Amino acid sequence: MPLRAIVLLIYLPLVLLAEKKTPPLGQMGNENLDISAKAIVDRTEIHNTLGADLGEGYVLVQATVSVRSDKPVSVSLNDFELLSHNDGQRSTAFTPSQIAGKGALVVTRPNAKTSKTSVGGGMGPFGGGSPGVTLTNDMDAKTTMDEKSSGDSPLFTILKNKVFPEKEISDTESGLLYFPIEGKKIKLKDLALIYKGPGGRMVLEFGPSSK
């Protein structure tokens with residue numbers, strides 16, 4: 001067998017596997033904005049994309065926002081929400097300081113997984129909740145909060161450098177969105193990205209709804 005054919009037999013499956021693991025690009029738009037996004041649920045893929053380990057309980061979204069009209073549009077992290085059709089979880093995009101900054105907290109619940117929050121963060125994902133707290137259906141009223149040590153960590157610096165910029169956009173901007181989602185069996189097909197900012201409300205389904 002020719003050497004070239006042997007090389008193709010060895011490397012072609014690897015190439016196909018890599019393509020299979022690449023998260024699909026989703027798009028949504030209206031007369032004001034075009035938004036394209038990739039959701040990454042695998043922890044290893046998140047590490048490769050971010051360049052650091054974000055830990056358990058996060059979904060990473062690569063987002064690009066393009067303004068279609070002549071009027072600039074103000075974009076903030078609170079404009080984006082991630083919905084899991086599987087269990088109804090809703091999460092607003094976290095800021096770097098909510099994950100790894102000086103004010104980051106860890107909320108622990110008896111007989112439950114750890115949920116991440118912060119002091120003085122944005123409104124909770126379900127609205128009306130405590131600022132910056134990710135609420136879940138089984139959250140116990142008794143929680144304990146352990147403040148992390150002061151000082152910005154290397155992870156905070158990476159998150160800050162790569163987060164989607166909060167500002168008025170007149171052309172195109174790209175960046176990462178960090179969503180806290182509980183559960184080890186989060187599947188791409190169950191997720192939807194919701195934009196609810198000044199540019200109008202839009203929904204991007206990353207896969208067929210599980211409902």
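Atoms considered below: every heavy atom in the structure, side chains included; atoms not considered: hydrogens, waters and symmetry mates. Predicted model only: the values in this text are computed from it and were never measured.
Partner of I186 under the side chain to side chain contact (heavy atoms under 4.5 Å, CB included) criterion, out of L82, D42, L191: L191 alone. Remark: of the listed residues V75, V61, D79, V75 is the sole one forming a side chain to side chain contact (heavy atoms under 4.5 Å, CB included) with F164.
For the atom pair CD of E81 and CZ of R201, the computed distance is 7.0 Å after rounding to the nearest 0.5 Å. Rounding to the nearest 0.5 Å places CZ of F94 at 11.0 Å from CG of L54. With values rounded to the nearest 0.5 angstrom, L25 atom CG is found 6.0 Å from K38 atom NZ. To the nearest 0.5 angstrom, Q27 atom CD is 8.5 Å from L204 atom CG.
With sequence neighbours left out, the salt bridge (charged side-chain N to carboxylate O under 4.0 Å, His left out) criterion links D53 to R43. The side chain to side chain contact (heavy atoms under 4.5 Å, CB included) search around N30 returns N32, L33, M202, not counting sequence neighbours. Under the rule for a side chain to side chain contact (heavy atoms under 4.5 Å, CB included), the partners of L60 that lie at least two apart in sequence or sit in another chain are I40, I46, T49, L176, Y178. Here I158 pairs with L50, A52, K162 under the side chain to side chain contact (heavy atoms under 4.5 Å, CB included) rule; sequence neighbours left out.
Nearest heavy atom pair, residue A37 against residue L193, reads CB-CD2, 3.8 Å. In plain terms, the two heavy atoms of L159 and A100 that are nearest each other are CD1-CB, 4.2 Å. Nearest approach of G29 to D34, heavy atoms of both residues: CA-OD1, 3.7 Å.
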Q | Stepwise ring-ring contact (aromatic ring centres under 6.0 Å, His included) check, F80 with Y195 | A | CA-CA 5 Å; F80 298 95; Y195 169 79; 5.6 Å; yes

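Using a 4.5 Å heavy-atom cutoff, the side chains of L77 and L177 are in contact. Between M28 and E205 the shortest side-chain heavy-atom distance does not fall below 4.5 Å. Looking at V67 and S170, their side chains never come closer than 4.5 Å, going by heavy atoms from C-beta outward.
Of the possible polar contacts, one joining the Q89 side chain to the E182 backbone as a donor-acceptor pair under 3.5 Å is found.
Around the NZ atom of K160, the shell of radius 6.0 Å holds no more than 12 heavy atoms that belong to other residues, nucleotides or ligands.
For residues 63-73, the pairs satisfying side chain to side chain donor-acceptor pair (under 3.5 Å) are T64-S174, S66-T172, with sequence neighbours left out. Within the structure, salt bridge (charged side-chain N to carboxylate O under 4.0 Å, His left out) pairs that include any residue of residues 166-177 comprise K167-E173 (at least two apart or interchain).
Residue I194 is not grouped with residue V59 when hydrophobic side chains (ILVMFWY) are merged at heavy-atom distances under 4.5 angstrom, including chains of intermediate members.
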